[in-house]
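Here is the structure we will look at, set down as structure tokens.
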Amino acid sequence: DSLSLADAFTTLSAGEKRFVSQIQGRTYANIFGLVERFINAKVLELSHDHWFGDQVALEALVRFSDEELKHQALFRRIDAMIGDVLPGGYRFDIDPNDVARAVLGKSTWAVLGLTLDIELFTQLHYRQSIAPDAELSELFKDVFLYHWREESQHAILDELEWARDDAGLTAEQRDRGVDELIELVAAVDGILKIQAKADATYFAATCGRDVGEAEAPMVEAAFLKAYRWQYINSGVQHPQFSKVLSSLITEKQGQRIQAALAALQ
């Protein structure tokens with residue numbers, strides 16, 4: 001409930017909140033499959049810098065890539081398994097390749113910032129919400145236990161590569177990277193708005209009762225609030241993300257980032 005923000009769905013019964021959690025669980029798998037597409041491509045690109053240099057770093061990034069490919073396959077299987085038992089009509093129409101192409105058009109500095117944010121919030125989600133919840137599906141918990149173990153290593157590599165990239169930038173390039181990181185977060189929010197609307201529409205069509213005109217926007221707003229927490233705010237509020245980011249940017253740059261995030265609460 002702390003991950004799905006069940007309490008935000010104030011008009012729903014306990015059973016309907018459980019259904020909302022299941023819808024969000026399917027979207028969770030799809031969102032991770034989506035972001036791991038661009039993360040894997042960026043990791044393979046970064047590995048080029050180590051081809052004829054640090055072979056330990058090269059091995060680490062190759063292993064990172066291999067695990068992200070495995071995760072994509074894993075989440076496709078989860079989506080199919082959930083689809084076998086939930087009512088028909090669920091939609092996730094966001095193309096991972098289109099998203100990856102758009103993200104990879106930004107600077108490495110910005111992409112690594114977004115990637116670290118993502119891989120740190122997986123840590124927080126598992127430790128704070130998934131592991132302690134005795135009512136969750138045992139299979140779902142097992143999947144995210146192993147996902148958490150591998151992502152904890154990926155986050156370390158993200159941090160190392162982000163610092164390495166940052167060391168080679170001019171002040172102007174870094175400032176542009178800050179702007180691009182803000183643009184990427186805004187793009188993620190755009191994806192979340194689309195999926196919140198889709199999931200709210202699916203809920204209304206399959207929950208077994210009429211969701212009226214007054215209630216429907218409240219359900220959609222609760223989905224969006226939950227998704228903003230899951231995929232943006234839980235990461236940027238992570239202490240390690242704040243520590244790493246603040247070590248790379250100026251106070252004014254930090255204020256620009258905070259102003260952008262304030263609009264997504």
Side-chain angles (χ1 to χ4, degrees), residues 1-36 39 67-68 70-87 90 92 116-155 188 191-192 195-196 198-200 202-204 206-208 218-242 264-265:
D1 288 355
S2 63
L3 187 58
S4 64
L5 300 192
D7 289 345
F9 293 82
T10 56
T11 64
L12 305 189
S13 68
E16 288 170 341
K17 289 178 181 179
R18 181 181 293 272
F19 182 39
V20 160
S21 175
Q22 293 165 348
I23 296 169
Q24 289 192 30
R26 187 172 187 181
T27 291
Y28 198 73
N30 278 301
I31 290 286
F32 271 114
L34 180 149
V35 300
E36 286 172 343
I39 291 172
E67 289 168 351
E68 292 291 54
K70 177 182 66 178
H71 294 169
Q72 289 183 56
L74 172 70
F75 291 128
R76 287 193 294 269
R77 289 179 62 189
I78 289 178
D79 174 64
M81 292 171 70
I82 297 175
D84 285 341
V85 294
L86 288 189
Y90 171 86
F92 188 88
L116 180 62
D117 171 76
I118 290 168
E119 290 178 333
L120 283 174
F121 73 53
T122 66
Q123 315 303 296
L124 184 144
H125 293 176
Y126 180 76
R127 293 196 306 267
Q128 293 188 0
S129 300
I130 296 175
D133 193 335
E135 295 187 29
L136 282 189
S137 156
E138 287 301 315
L139 176 59
F140 201 77
K141 290 180 74 170
D142 193 59
V143 164
F144 283 99
L145 166 64
Y146 289 96
H147 186 253
W148 166 64
R149 288 179 178 176
E150 292 179 347
E151 293 295 322
S152 66
Q153 299 175 68
H154 298 176
V188 170
I191 291 171
L192 302 182
Q195 197 56 35
D199 287 352
Y202 172 70
F203 172 81
T206 56
C207 70
M218 297 171 65
V219 172
E220 182 178 338
F223 268 107
L224 180 58
K225 181 179 181 180
Y227 289 161
R228 281 175 164 172
W229 163 247
Q230 290 167 27
Y231 304 112
I232 298 176
N233 292 319
S234 63
V236 298
Q237 293 175 21
H238 193 290
Q240 186 65 16
F241 183 80
S242 299
L264 307 180
Q265 301 300 318

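Heavy-atom basis, side chains included; hydrogens, waters and symmetry copies ignored.
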Identify, with sequence neighbours excluded, every residue that meets salt bridge (charged side-chain N to carboxylate O under 4.0 Å, His left out) alongside E135. R18
Check side chain to side chain donor-acceptor pair (under 3.5 Å) between Y90 and all other residues, then give those that pass, not counting sequence neighbours. T27, N30
Which pairs, with at least one residue in residues 218-235 and sequence neighbours excluded, count as a salt bridge (charged side-chain N to carboxylate O under 4.0 Å, His left out)? D189-R228
Can you list the residues that meet the side chain to side chain contact (heavy atoms under 4.5 Å, CB included) rule with L136, with sequence neighbours excluded? I130, D133, K141
Would you indicate whether the side-chain heavy atoms of I191 and I31 approach each other to under 4.5 Å? yes
To the closest 0.5 Å, what do you measure between CD (Q128) and CZ (F121)? 13.5 Å
4.5 Å side-chain heavy-atom contact, L264 and L192: no
Close side-chain approach of H154 and E36, heavy atoms under 4.5 Å: no
Given side chains that start at C-beta, do those of P87 and F19 come closer than 4.5 Å, heavy atoms only? yes
Count the heavy atoms of every other residue, nucleotide or ligand shown that sit under 6.0 Å from CZ of R77, and state whether that count exceeds 12. no
Could you tell me if the side chain of D79 sits less than 4.5 Å from the side chain of F92, heavy atoms only? no
Show your reasoning for whether side chain to side chain contact (heavy atoms under 4.5 Å, CB included) applies to V188 and V35. CA-CA 10 Å; V188 170; V35 300; over 6 Å; no
Nearest 0.5 Å please: distance from the CZ atom of F223 over to the CG atom of L5. 11.5 Å
If you round to the nearest 0.5 Å, how far is CD of E119 from CD of E68? 5.5 Å
Considering residues at least two apart in sequence or located in another chain, which fulfil the ring pair (Phe, Tyr, Trp, His ring centres under 6.0 Å) criterion with F32? Y28, F75, H147
Restricting to side chain to side chain donor-acceptor pair (under 3.5 Å), what partner residues turn up for Y231, sequence neighbours left out? none
Please name all residues satisfying side chain to side chain donor-acceptor pair (under 3.5 Å) with T122, sequence neighbours left out, ordered by chain then number. none
For R149, all residues meeting side chain to side chain contact (heavy atoms under 4.5 Å, CB included), sequence neighbours excluded: L145, Y146
Results of ring pair (Phe, Tyr, Trp, His ring centres under 6.0 Å) for W229 - residues two or more places apart only: none
Between atom CG of L3 and atom OH of Y126, what is the distance when rounded to the nearest 0.5 Å? 13.0 Å
Among all residues two or more places apart in sequence or in another chain, which pass the salt bridge (charged side-chain N to carboxylate O under 4.0 Å, His left out) test with E150? K70
Side chain to side chain contact (heavy atoms under 4.5 Å, CB included) between D199 and Q24, worked out: CA-CA 8 Å; D199 287 352; Q24 289 192 30; 5.6 Å; no
Atom pair OG (S234) and CG (D117), whose distance is rounded to the nearest 0.5 Å: 7.0 Å
Sequence neighbours excluded, the answer for side chain to side chain contact (heavy atoms under 4.5 Å, CB included) partners of L12 is F9, E16, K17, V20, F203, R209, E215, V219
Could you give the distance from CZ (R26) to CD (Q22), rounded to the nearest 0.5 Å? 11.5 Å
Mind checking side chain to side chain contact (heavy atoms under 4.5 Å, CB included) for A198 and listing every partner two or more places apart, or none if nothing turns up? Q195
Stepwise side chain to side chain donor-acceptor pair (under 3.5 Å) test for H238 and Q123: CA-CA 9 Å; H238 193 290; Q123 315 303 296; over 6 Å; no
Considering only heavy atoms from C-beta outward, does the side chain of L139 approach that of M81 to under 4.5 Å? yes
Does T10 reach the side chain of D7, with side-chain heavy atoms less than 4.5 Å apart? no
